[in-house]
Amino acid sequence: MNSRRDVRNNRAALFDGIEEGGIGASSSYSSHEIDEQDNERALEGLEDRVSLLKRLSGDINEEVDNHNLMLDRMGNDMDSSRGVLSGTMDRFKMVFETKSSRRMLTLVASFVVIFLIIYYLTR
């Protein structure tokens with residue numbers, strides 16, 4: 001029972017002078033010291049937030065750089081494939097622009113034969 005009384009007395013001593021609206025005049029700290037402590041805690045919180053934001057912005061910058069490199073590579077690959085495709089289309093144009101019907105017949109016949117061979121091999 002004595003320990004319960006000591007706990008209550010300690011609590012009463014700890015909260016003695018605290019009123020509902022804030023800290024009363026009988027508190028062991030002056031309002032200036034409390035304001036300084038609050039300011040220090042707020043300043044530490046701001047420093048933590050600033051360092052977190054700095055790390056986040058660095059991570060975002062790194063991610064943006066990586067995406068830009070990836071997009072550049074993809075653009076270069078598209079340009080090279082466009083060159084290959086345009087070369088192929090030029091060859092097809094040359095084949096279809098020739099007036100030789102014999103050459104056209106040979107081309108169509110070879111496509112049909114290749115298609116039939118692939119069809120029978122996959123069957």
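For this chain, numbers begin at 1 and follow the sequence in order.
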Between side-chain atoms of residues 75-83 and protein atoms elsewhere (two or more places apart, or another chain), which donor-acceptor pairs fall under 3.5 Å?
residue	atom	partner	partner atom	Å
Asn76	ND2	Asp72	O	3.4
Asp79	OD1	Arg82	NH1	3.2
Ser80	OG	Asp77	O	2.8
Ser81	OG	Asp77	O	3.3
Ser81	OG	Met78	O	2.9

By side-chain contact (heavy atoms from CB on, under 4.5 Å), Leu121 pairs with (sequence neighbours left out) Ile117
Could you give the side-chain donor-acceptor pairs of residues 57-70 under 3.5 Å, partners two or more places apart or in another chain?
residue	atom	partner	partner atom	Å
Ser57	OG	Leu53	O	3.2
Ser57	OG	Lys54	O	2.9
Asn66	ND2	Glu62	O	3.4
His67	ND1	Glu63	O	2.8
Asn68	ND2	Val64	O	3.4

Could you list the residues that satisfy salt bridge (Lys or Arg N to Asp or Glu O under 4.0 Å) with Arg73, not counting sequence neighbours? none
With salt bridge (charged side-chain N to carboxylate O under 4.0 Å, His left out) as the rule and sequence neighbours excluded, what pairs involving residues 39-53 come up? Asp38-Arg41
Kindly give the cluster partners of Leu43, where membership spreads through any ILVMFWY side chain lying under 4.5 Å from a current member. none
